[in-house]
Novice: 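Before anything else, here's the structure in question.
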2 protein chains.
Amino acid sequence: MPPLLSRIDHVGVAVRDLDAAVAFYETTFGMRKVHEEVNEEQGVREAMMAVGDGPDRVQLLAPVSDASPIARFLERSGEGVQQVAYAVDDVRAAADDLRAKGLRLLYDEPRRGTAGSQVNFVHPKDAGGVLVELVQAARP
Amino acid sequence: MPPLLSRIDHVGVAVRDLDAAVAFYETTFGMRKVHEEVNEEQGVREAMMAVGDGPDRVQLLAPVSDASPIARFLERSGEGVQQVAYAVDDVRAAADDLRAKGLRLLYDEPRRGTAGSQVNFVHPKDAGGVLVELVQAARP
Ligand SMILES: [Co+2]
Ligand SMILES: [Co+2]
């Protein structure tokens, strides 16, 4: 059986100003912006920053409305790491597996994540204070 | 020129009880413990958990004294993501590069990290609220 979580897909960082954060990660850390989009459902404008030449990404997340989870996170905790996302083969199966182990997922059904991916989240209270995202990549 | 940061080496998570956290990550997320040690200098007992079959790791960090940075983190923020660690070829060169860009590093000289690695940290106030660790692996 393949492992439930195959790799760290990205680390999500809450930022106040997306353009400033992208410029900082480019200039200071030498990362490249490989994707940017607005996800209205999640209330965020976000950019994917490539770490080195491999598949690792830092996801910079800025709120587009006060109701966004990122706006609430910034208000409570300030800028910083907001989520850790793991790649899964099948987000429904992974969510069901974790529910069967007693964890609460944020959504009954997967929602649209970055670049056509499907995502769900484990409630941080059920995962040692970490907001764990499950990401199933879009089929090419 | 190779990129300054070559990959996400690990995500570090502060936990109160290391053994309980290892068991949780094994049972719930299917990760494998591939290393465990006490780092007296950092005041932590820590375990490296492998994500899938690749090189990605979650570092679980529990304090061994009240003076540990992890103890202070737990007191201030509770359990959760405490650091994001990037692999670098040369930790001294990477630290010098970031200092030249105006960032403050926690140490003048690299210190001993996990498994004989050499590490330094960017001050979170200079990196958008993220405690950024630079990790140069031990030479084999
Ligand atoms: Co994400
Ligand atoms: Co570390």
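Quick note on labels: first sequence line is chain A, next is B, and so on, each numbered from 1. Side chains are part of it too, since the values below use all heavy atoms of this structure and drop only hydrogens, waters and symmetry mates. These figures come from a predicted structure and were not determined experimentally.
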Novice: Report which part of B:F29 has an atom under 4.5 Å of a heavy atom belonging to chain A: side chain, backbone, both, or neither.
Specialist: both

Novice: Counting C-beta onward and ignoring hydrogens, is there a side-chain heavy-atom pair between A:L103 and A:H123 closer than 4.5 Å?
Specialist: no

Novice: B:R57 versus chain A, heavy atoms under 4.5 Å apart: side chain, backbone, both or neither?
Specialist: backbone

Novice: Side chain, backbone, both or neither: which part of A:V15 has a non-hydrogen atom closer than 4.5 Å to chain B?
Specialist: neither

Novice: Here's a test for you: under side chain to side chain contact (heavy atoms under 4.5 Å, CB included), which of A:L98, A:D126, A:V122 qualifies with A:R104?
Specialist: A:D126

Novice: Specify which of B:V11, B:V130, B:V58, B:I8 makes the most heavy-atom pairs with chain A at under 4.5 Å.
Specialist: B:I8

Novice: Side chain, backbone, both or neither: which part of B:T27 has a non-hydrogen atom closer than 4.5 Å to chain A?
Specialist: backbone

Novice: Under 4.5 Å heavy-atom distance to chain A, tell me which part of B:L131 shows up: side chain, backbone, both or neither.
Specialist: neither

Novice: Examine whether an atom of A:T28 lies under 4.5 Å from a heavy atom of chain B, and if so say whether it belongs to the side chain, the backbone or both; otherwise answer neither.
Specialist: both

Novice: Where does B:A127 contact chain A at under 4.5 Å (heavy atoms): side chain, backbone, both or neither?
Specialist: both

Novice: Measuring only between side-chain heavy atoms, which start at C-beta, is A:V135 closer than 4.5 Å to A:V88?
Specialist: no

Novice: Can you tell me which of B:M31, B:R32, B:Q82 forms the most heavy-atom pairs within a distance under 4.5 Å of chain A?
Specialist: B:M31

Novice: Thinking salt bridges, do A:D97 and A:R99 make one under a 4.0 Å N-O criterion?
Specialist: no

Novice: Determine the option with the most heavy-atom pairs under 4.5 angstrom with chain A, choosing from B:V13, B:D53, B:V81.
Specialist: B:V81

Novice: Distance only, no hydrogens: is a donor on one side chain within 3.5 Å (strictly under) of an acceptor on the other, for B:H10 and B:Q83?
Specialist: yes

Novice: With A:T114 as reference, evaluate A:E36, A:H35, A:Q59 under the side chain to side chain donor-acceptor pair (under 3.5 Å) test and give the passing residue.
Specialist: A:Q59

Novice: Is any side-chain heavy atom of A:Q136 closer than 4.5 Å to one of A:P110?
Specialist: no

